[in-house]
Chemist: 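The structure is given below, and queries will be raised subsequently.
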Amino acid sequence: MSEKGYLEDFDTGFYDFRNDEKDAYKVDEGLTPAIVEQISKEKNDPVWMQQFRLESLQIYNQMKVPNWGPDISGLNMDEIVTYVRPKTKMSAKWSEVPEDIKDTFERLGIPKAERESLAGVGAQYDSELVYHNVREEVAAQGVVYTDLESAMHGDFAKMIRDHFMKLITPRDHKFAALHGAVWSGGSFVYVPPGVSVEIPLQSYFRLNAPGAGQFEHTLIIVDEGADLHFIEGCSAPKYNVANLHAGAVELFVGKNAHLRYSTIENWSKNMYNLNTKRALVEEGGTIEWVSGSFGSHVSYLYPMSILKGRGAHMEFTGITFAGKGQNLDTGAKVVHSAPDTSSYINTKSISKDGGISTFRSSVVIGAEAKGSRASVACHSLMLDDISRSDTIPAIDVRTPDADVGHEAKIGRISDDAVFYLMSRGISEEEARAMIVNGFADNVSKELPLEYAVEMNNLIRLEMTGARE
């Protein structure tokens, strides 16, 4: 099949459609105590959350913007709308979702994916979840999958208060404090002890409004001996004004439990993606991160794992594609805080048309983490001579009884490989796309089939410049 035909079939504007703004309510631009109080009132927050928001705002105002990564001076919080409520209420019935919003998620394949391969789905549009559903057989196992706001007023209210922004605190950095002040939407998942959820749960975030921010909060607790795969997808149309994504993900992995957290982030190229993700892993537990970052103008994204219990394990597998006008600063962090813990970070980054891709890793092995092992491998591929790729690893080892390794490699596509494929009747453009897909194969094979196909399609679109 020709590359041209392939892209026409996929539709190069697949993610760039947008709906007319028909929001029922939005706050004013900017960030003030009055706006935060408005959001709290809209969300029907309990008293402790009202206070938490205002305290987070105070911390935000005291903290400085990071100056060590990509330039974010183009992001002006005075011009960002922090809360946009679509004209609908959350529903567990797809038929009750308004047609324009339903069409958005139908085009993204969410209902089809739910019917065919998912245990439950949450769909967020702008600042609110508009649809949430979980299969009866999964709910019968005691698995809770619902929106976070509802859960704060139900049987799990104490559990949420005990865990909410305890891993990611407002004092961690300026945009964590911003999140604490204006967060809205997101999911709560609880998997009881010993329960294995055989098919994945999924959450999808769509930001439609121009000049808006999305601040969803995902809280997942996988109890002792339980098992879960959670998938997260994100997209947005392209506008000529800045949009902001500053969500937060907190993952609690119990003793001998297992959680895989897969993400494909496909934000538009006017997006500032300042997301924070963190996991706490107890004795014998495992956290697996699978991450694909393809969109946004600027990204700061470093999922962190704290290996708290003996024998806890972490794996991070990631791919980043930085094209024209993109500066993607991504990586992973891990803290070994107990004996016999282990971690493996394996990332691939691709830069093209002047894109900048920076990999940062931080590995900390504490004095108490005797017998621990850590390995970091980062491979970068530059597709021209105007792009850039940097590797910035940090390793801090406080015990002599540890095994730590780091490997980095930066290269370019081999002209011989391109020539060989062209000699077999493949165009140069398609040959380069095939090589890049092969380079990203270790990530795509870790994803569910429909997400692996999506990732390969995104790479092909990037390679042909169809997403500029």
Side-chain angles (χ1 to χ4, degrees), residues 113-114 117-122 132-148 150-152 154-168 186-204 216-233 248-263 277-291 303-317 334-338 340-344 446-448 451:
E114 175 192 15
S117 59
L118 298 169
V121 170
H132 226 291
N133 196 21
V134 63
R135 290 191 182 186
E136 289 182 6
E137 60 268 32
V138 175
Q141 292 179 286
V143 176
V144 177
Y145 182 31
T146 186
D147 66 295
L148 192 56
S150 295
M152 279 198 303
D155 295 339
F156 290 86
K158 184 178 184 305
M159 181 180 288
I160 290 173
R161 185 170 183 178
D162 289 344
H163 291 82
F164 182 85
M165 292 202 77
K166 294 298 195 294
L167 273 182
I168 301 168
S187 296
F188 170 64
V189 179
Y190 174 68
V191 184
V195 171
S196 179
V197 183
E198 299 296 333
I199 45 182
L201 300 178
Q202 172 183 288
S203 188
Y204 202 98
E216 81 287 345
H217 193 98
T218 300
L219 176 60
I220 299 177
I221 301 171
V222 183
D223 217 326
E224 182 174 348
D227 193 310
L228 173 68
H229 183 190
F230 191 89
I231 304 170
E232 176 187 87
V249 175
E250 295 185 291
L251 310 176
F252 294 85
V253 183
K255 182 179 179 181
N256 297 323
H258 173 265
L259 171 61
R260 170 173 282 206
Y261 194 93
S262 301
T263 307
K277 302 181 180 183
R278 197 161 296 171
L280 181 70
V281 189
E282 303 288 350
E283 179 183 347
T286 296
I287 176 69
E288 296 181 52
W289 304 90
V290 181
S291 177
M304 179 179 182
S305 303
I306 302 169
L307 305 180
K308 180 184 176 183
R310 179 185 290 271
H313 177 68
M314 176 276 254
E315 292 185 23
F316 180 90
T317 305
V334 60
V335 177
H336 294 252
S337 297
D340 304 321
T341 50
S342 56
S343 64
Y344 178 53
E446 297 293 337
L447 291 166
Y451 279 82

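What you see is a predicted model, and the numbers here were worked out from it, not measured in a lab.
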Chemist: Quick check on side chain to side chain contact (heavy atoms under 4.5 Å, CB included): which of Leu148, Val249, Ile168 does His217 satisfy it with?
Modeler: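 Testing His217 for a side chain to side chain contact (heavy atoms under 4.5 Å, CB included) against Leu148, Val249, Ile168 leaves exactly one candidate, Leu148.
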Chemist: Before giving the answer on salt bridge (Lys or Arg N to Asp or Glu O under 4.0 Å), spell out for Glu282 and Lys308 the whole-Å C-alpha distance, their side-chain angles and the decisive distance to 0.1 Å.
Modeler: CA-CA 5 Å; Glu282 303 288 350; Lys308 180 184 176 183; 3.7 Å; yes
Chemist: Locate the shortest heavy-atom distance separating Thr263 from Lys277; write the atom from each residue and the value.
Modeler: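 It is OG1-NZ, 3.2 Å.
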Chemist: Could you check His258 against Glu288 for side-chain contact (heavy atoms from CB on, under 4.5 Å), going step by step and ending with a plain yes or no?
Modeler: CA-CA 8 Å; His258 173 265; Glu288 296 181 52; 2.4 Å; yes
Chemist: Does a donor on one side chain and an acceptor on the other come within less than 3.5 Å for Ser342 and His313?
Modeler: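 A pair is found: one side chain offers a donor N or O, the other an acceptor, under 3.5 Å apart.
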Chemist: Rounded to the nearest 0.5 Å, what's the gap from NE2 on His336 to CD1 on Ile306? Could you check?
Modeler: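 These two atoms lie 12.0 Å from each other.
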Chemist: Between atom CG of Leu259 and atom CD1 of Ile287, what is the distance when rounded to the nearest 0.5 Å?
Modeler: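 Between atom CG of Leu259 and atom CD1 of Ile287 there are 4.0 Å.
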Chemist: Which pair of non-hydrogen atoms, one from Pro192 and one from Ala226, has the smallest distance, and what is that distance?
Modeler: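 Between these two residues, the closest heavy atoms are O-CB, 3.3 Å.
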Chemist: Starting at OG of Ser305, measure out to CZ of Phe316 and round the result to the nearest 0.5 Å.
Modeler: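 Rounded to the nearest 0.5 Å, the OG-CZ separation comes out at 9.0 Å.
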Chemist: For Thr341 and Gly311, work out which heavy atoms get closest and say how close.
Modeler: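 Smallest interatomic distance, heavy atoms only, reads CG2-N, 4.0 Å.
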Chemist: What closest approach, in Å, do Met304 and Val335 show between heavy atoms, and which atom pair accounts for it?
Modeler: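 Shortest heavy-atom contact: CE-CG2, 3.5 Å.
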Chemist: If you round to the nearest 0.5 Å, how far is CG of Asp223 from CZ of Phe252?
Modeler: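 CG of Asp223 is found 12.0 Å from CZ of Phe252.
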Chemist: Please determine whether side-chain contact (heavy atoms from CB on, under 4.5 Å) holds for the pair Tyr261 and Ile220, giving the CA-CA distance in whole Å, both sets of side-chain angles, and the decisive distance to 0.1 Å.
Modeler: CA-CA 10 Å; Tyr261 194 93; Ile220 299 177; 3.9 Å; yes
Chemist: Could you tell me which residues satisfy salt bridge (charged side-chain N to carboxylate O under 4.0 Å, His left out) with Lys255, sequence neighbours excluded, listed by chain and number?
Modeler: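 Checked Lys255 against salt bridge (charged side-chain N to carboxylate O under 4.0 Å, His left out); zero matches.
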Chemist: To the nearest 0.5 Å, what is the distance between CG (Asp340) and CG (Leu307)?
Modeler: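 So the gap between those two atoms works out to 12.0 Å.
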Chemist: Pairs of donor and acceptor atoms involving the side chains of residues 157-166, under 3.5 Å and at least two apart or interchain, shall be tabulated with distances.
Modeler:
unit_1	atom_1	unit_2	atom_2	d
Lys158	NZ	Asp162	OD2	2.8
His163	ND1	Met159	O	2.7
Lys166	NZ	Arg161	O	3.0

Chemist: Does any part of the side chain of Leu251, heavy atoms only, come nearer than 4.5 Å to the side chain of Trp289, both counted from C-beta?
Modeler: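 They are in side-chain contact.
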Chemist: Listed by chain and number, what are the side-chain contact (heavy atoms from CB on, under 4.5 Å) partners of Val144, not counting sequence neighbours?
Modeler: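 side-chain contact (heavy atoms from CB on, under 4.5 Å) check on Val144 returns Thr146, Phe156, Phe188, Tyr190.
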Chemist: Mind checking the CD1-CD spacing from Ile221 to Glu250? Nearest 0.5 Å is all I need.
Modeler: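 Taking CD1 in Ile221 and CD in Glu250, the distance rounds to 9.5 Å.
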Chemist: What is the minimum heavy-atom distance between Gly285 and Val253, and which atoms define it?
Modeler: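 For Gly285 versus Val253, the nearest heavy atoms are CA-CG1, 4.4 Å.
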Chemist: Return the minimal non-hydrogen interatomic distance between Gly309 and Ala338, and the atom names on each side.
Modeler: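 Smallest interatomic distance, heavy atoms only, reads C-CB, 3.4 Å.
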